[in-house]
Each structure stands twice: as structure tokens, then as C-alpha cells.
*Asks:* 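The structure is given below, and queries will be raised subsequently.
None of the values given here were measured: they were computed from a predicted structure. Every chain is numbered from 1 and lettered A, B, ... according to where its sequence line falls, protein lines coming before strand lines.
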Amino acid sequence: MKNACIVEAENLFDKMPQRNTVTWNTMIRGYFQNGFFDKAMCSFNQMPERDNFSYNTVIAGLMQCGDVNNAREVFDGMVDRSVVTWNSMISGYVRNGLIDEAIRVFDNMPIRDVVSWNLVIFGLGENDCGEDGIKFFIRMKESDLFPDQSTFTSVFTICSVLPSLDLGKQTHAQTIKTGLNCLIAVSNAMITMYARCGNMQSALQEFSSMPIHDVISWNSIICGFAHHGEGKKALEMFERMRLTDVKPNDITFVGVLSACSHAGLVDQGRYYFDYMKNKCFLQPTSEHYTCVVDLLGRFGLIDEAMSFLDQIRADGVEIPPSVWGALLGACRIHKNIKVGEIAGESILEVEPSNSGVYLILAEMFLSSGRKEDAEKIWARMKGNGIKKQPGCSWIEINNSGHVFLSGDRSHTEFRRICFLLNLLSAEMGTKILKPSNATSEEIRISFVGCYE
DNA sequence: CTAGGGTTAG
């Protein structure tokens, strides 16, 4: 039922000589889908007899509009709850970010099906609890239920976020055993898993093995290459995509433009941005603008970046903070304090608690000998009660995860890691335009924890 | 006939 049709549906419903429960249920769903929550609830209360479908429709509808409490009330008032009823509650809680509630429902339900497990695994993944999601995945396999397409896509996504290449490979093997690796959604998730685990070769191999590609397959491989700084390969894939019938979307161009940015391909970047707007008729988003400013800025074309901002304004768009951020980053590299200050202050107007901006501005002042201005920035930061979040990163090696937090140095291999990092940064220093005079400071890392 | 699950960037 489309929005314009709901009126027509209502007319028919009113004119009907007789209605049954199915008719009422259909009408209620239509009301919810078109945003008429009051009418939906009115019908629900008015209808002569309610079956399980009626309740499930109302719970899902209320959950979809964020009315978690009323959904709970309807649920609590039910006598006969089906698996779908319980799953609707889990789904609703997950959708509204209440993962703990979702798990409580899961724990209490008398019978679970594949969807119940999938919802919990997906929900945990979406809420930064991927490791717990994996635990549920293992428990699921110990039950008498078999993982399906949705299970595997969620698990691959978790593997790509953790990231855990080992688990990803293991899961890959399981999809082959079950034949689910032939499904396009599963393959797509697998490409992203391999890409984000740093294994572009396997990502490409999976991509190449697929008989059919959809826009997500192409986006996954393009963004994968772009993310790894393989700008040329990303663009090669995009050119191959153009030979197919698959239409690129806005995400494709985020990949393409960031590829140009990482590879320093300024002319191509200008061309693809124009191509996106004028040939594909895609409205640029703030991400696209950010990519272009980043591309121009990295290359030192600060003036062109500034006039590009005018072009954005001409589209009737207010410059988003992320665009100013890209410009600020460029100014930092190319030591353009004048524009950098404009960019930084523009961000702070909208995001006064953005600690990174204060630090970059202070650093820029300091490195150009304006110590007093740097101190003013620090004072402002302190005055606003802004603290920097310590940096954190993690990596999986030989089945165990190593988590590093900026500041302390308790990792057992701290000295060896520092030594190797210094070697690496010396190596990189020869390839960067700017000589590595910036950092004689010791690289500070620390060991925080381990997971299995 | 009607109800629950969604993979892509930064």
C-alpha cells in the first residue's frame, strides 16, 4: 500500500459489505506503513476479533515508530504468543538500540527459530558487541538449528568489524559446506570481510568467482581497494562496472572519489564528480564533497578547494563540518594557517567539543612559531572542559587479539614493537614529501587486553 | 489472503 493508496484502501474498507480479521489486519498494517499510528491503534481497538497476526502487526508497527513501551504493553497483555511475536519484540528492541532488552526477550522465549538467533547475532554486531554475537553463533550451531544466509552475512560483517580473518576464513569454509556461498548477499559480505581484514587478494578472488554482481558487490570491491590505498585498482574496477548494466549509486562514488584522493588522481577526481552529478544524476552528499576537498587539499590546491566550497554553497548547501575537516587536514599538511584557522573555527561553531580540531590548530600555531596562539587554543579547550579521547587500535595475530591504547606501555613486546615501528616510519619517511622531522618522539603504545 | 530477519564508505 503506497501512501496515496491508503485513502483508496480506506474507502474500500468502509464500503465492504463484510470484513474478516484478515481485512482488519491488512488495514492496520497499511495505517502503520503510512504513518497513521492513531488510526492503526484505533482499528486495533475497534476490531471485533483479534488473532495472533493482529497483535504481531501492532507490535511491529509500534516498534517501527519507536514506541517501545506501548509495544511492550501489548506484548505483556497477550495470552498466546507465537515465535513471530517474540521475534517481533527482539527485532523491535534491536532496531531501537536496546540490545540488552532484546537478549532478555531471547532468553525468555520458550521456542526459538532461525530468525530469533539471526536477530540477536545481527543486533549484537550492530551494537559493537561482535564478540558476543560470535558466541551466540557458536551456541546456535550447538542447537538443532542450522545457520542460513542471514546468519552468515551477519557473522561476516562481525568478522569485518572485529576484524578477525581467522574466524572469517572458518566461516567461509562453512558457507561452502552448506552451499550458501553461492548466494550473492553472502558473497558480498565475504568480500567486505576479506577487504577489511586486509586480504584484498581473497576479496578479489571471491568477487571474481561470482557469476553475477549487484551494486553491492561492485561497491564492496571498489571501496575495498580504495580503503587500502589501491586507488588505481579501485578505478579499474569502476571502469569494469561501467561496462555492465549495474547502475552505480552514491556509495559507489564515495569509493571512487576516495580512491582518487588516496592515489592523488586529481584530474580523474574532478571528472568522476562531474560524471556522478551530470551523467548519473546523483545528488552529491557531504561525503562526496568531503572526498573532493580532501583530494584537492592533499594535493595542495587549497585555493581550488576554497572555490569548490563556493560551488557547494551554490547548490544551496551549508558546508558540512566533515568538509571543513578535510580542508583543515590539508592546511595542516601544507602549513596554510590562514585557511586552516577558518576551517577549524567553522567546525568549532558546530562542534565545540571536537577535541581533534583544538589540537590540530594548536599544533599548527606551534609549528609556525606562534606559541601564544597555541596556548590560547589550549586554554579555550580547557575552559570548555574538552578532553582528548585516547587513541585505540587493535589487531589479531595468531588467533589472539592485541589491543593498544595511547599512553601506557605495558605490552610484553613493547620494546620490539617500538623498534619495528621506528624502522617502518623511517622507511616511510623516505617516501613522504615532508621529511620525518616531525617525530623523534617515541611511539607510544600499550597492551590493554587479549581476546580469544 | 495478513505478522518477524538488510549485505556496501567514512
*Asks:* Considering only heavy atoms from C-beta outward, does the side chain of Phe146(A) approach that of Thr178(A) to under 4.5 Å?
*Replies:*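 Phe146(A) vs Thr178(A): side chains apart.
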*Asks:* Output the rounded distance in Å from CZ (Arg19(A)) to P (dT2(B)).
*Replies:*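 One finds 19 Å between P of dT2(B) and CZ of Arg19(A), rounded.
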*Asks:* Between His334(A) (side chain) and Arg298(A) (backbone), is there a donor-acceptor pair under 3.5 Å?
*Replies:*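 Checking the backbone N and O of Arg298(A) against the side chain of His334(A), a donor-acceptor pair under 3.5 Å is found.
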*Asks:* Would you please name every residue forming a side-chain contact (heavy atoms from CB on, under 4.5 Å) with Ser202(A), sequence neighbours left out?
*Replies:*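 Tyr194(A), Asn199(A).
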*Asks:* Take atom CZ of Phe225(A) and atom P of dG10(B), then tell me their distance rounded to the nearest Å.
*Replies:*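 Roughly 14 Å, once rounded to whole Å.
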*Asks:* Between Ile221(A) and Met200(A), is there a side-chain heavy-atom distance shorter than 4.5 Å?
*Replies:*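 Yes, at least one pair of side-chain atoms sits under 4.5 Å.
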*Asks:* Counting only non-hydrogen atoms, which of residues 339-353 of chain A are less than 4.0 Å from DNA chain B?
*Replies:*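 Residues of residues 339-353 of chain A that come under 4.0 Å of DNA chain B do not exist, since none gets that close.
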*Asks:* In residues 257-273 of chain A, which ones come under 4.0 Å of DNA chain B, going by heavy atoms?
*Replies:*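 Within this stretch, nothing sits under 4.0 Å of the strand.
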*Asks:* For Arg270(A), check side-chain hydrogen bond (donor to acceptor under 3.5 Å, both in side chains) against everything at least two apart and list the hits.
*Replies:*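 If we apply the side-chain hydrogen bond (donor to acceptor under 3.5 Å, both in side chains) test to Arg270(A), skipping adjacent residues, the hits are Asp267(A), Glu304(A).
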*Asks:* Please report, rounded to the nearest Å, how far the C1' atom of dA9(B) is from the CE atom of Met241(A).
*Replies:*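 Rounded to the whole Å, the gap is 14 Å.
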*Asks:* What is the nucleic acid contact for Asp250(A), judged by heavy atoms within less than 4.0 Å: base, sugar-phosphate only, or nothing?
*Replies:*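 Counting heavy atoms under 4.0 Å across all strands, no contact is made by Asp250(A).
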*Asks:* Within this structure, what is the CD1-to-P distance between Ile221(A) and dA9(B), rounded to whole angstrom?
*Replies:*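 It works out to 12 Å between those atoms.
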*Asks:* Would you say the side chain of Phe156(A) lies within less than 4.5 Å of the side chain of Ile191(A), judging by non-hydrogen atoms?
*Replies:*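 Not touching, per the 4.5 Å side-chain cut-off.
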*Asks:* Just by modelled atom types, is the Ile386(A) backbone N or O under 3.5 Å from a matching donor or acceptor in the Asn384(A) side chain?
*Replies:*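 The answer is no, because no donor-acceptor pair under 3.5 Å joins these two groups.
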*Asks:* Does a side-chain heavy-atom distance below 4.5 Å link Val246(A) with Asp214(A)?
*Replies:*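 Contact flag for Val246(A)/Asp214(A) side chains = no.
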*Asks:* Name the nucleic acid region contacted by Arg95(A), choosing base, sugar-phosphate or nothing; use a 4.0 angstrom heavy-atom cut-off, strictly under.
*Replies:*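 Sugar-phosphate, backbone atoms only, no base.
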*Asks:* Rounded to the Å, how far apart are Asn56(A) CG and dA3(B) C1'?
*Replies:*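 Going from CG in Asn56(A) over to C1' in dA3(B) covers 5 Å.
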*Asks:* Less than 4.0 angstrom between a side-chain N/O of His227(A) and OP1 or OP2 of dA9(B), yes or no?
*Replies:*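 No, outside the criterion.
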*Asks:* Please report, rounded to the nearest Å, how far the P atom of dT2(B) is from the CD atom of Gln33(A).
*Replies:*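 So the two atoms are 12 Å apart, to the nearest Å.
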*Asks:* Measure CZ/Phe238(A) against P/dA9(B) and give the value in whole Å, please.
*Replies:*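 My rounded result for the distance is 17 Å.
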*Asks:* With the side chain counted from C-beta on, respond yes when Phe253(A) and Tyr275(A) share a heavy-atom pair under 4.5 Å apart, and no when they do not.
*Replies:*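 Yes, side chains in contact.
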*Asks:* Expressed as a whole number of angstroms, how long is the span from Ile59(A):CD1 to dA3(B):P?
*Replies:*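 In whole Å, dA3(B) P and Ile59(A) CD1 are 14 Å from each other.
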*Asks:* Polar-atom pairs under 3.5 Å, protein N or O versus N or O of nucleotides 6-8 of chain B: list them with distances, or write none.
*Replies:*
residue, atom, partner, partner atom, Å
dT8(B), O2, Asn219(A), ND2, 3.0

*Asks:* Have a look at Phe44(A) and tell me which of Phe53(A), Phe36(A), Trp24(A), Tyr55(A) forms a ring pair (Phe, Tyr, Trp, His ring centres under 6.0 Å) with it.
*Replies:*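 So, applying the ring pair (Phe, Tyr, Trp, His ring centres under 6.0 Å) to Phe44(A) and each of Phe53(A), Phe36(A), Trp24(A), Tyr55(A), only Tyr55(A) qualifies.
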*Asks:* According to the side chain to side chain donor-acceptor pair (under 3.5 Å) rule, which pairs have a member within residues 318-329 of chain A, sequence neighbours left out?
*Replies:*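 For residues 318-329 of chain A, and leaving out neighbouring residues, the side chain to side chain donor-acceptor pair (under 3.5 Å) pairs sorted by first residue read Thr290(A)-Ser322(A).
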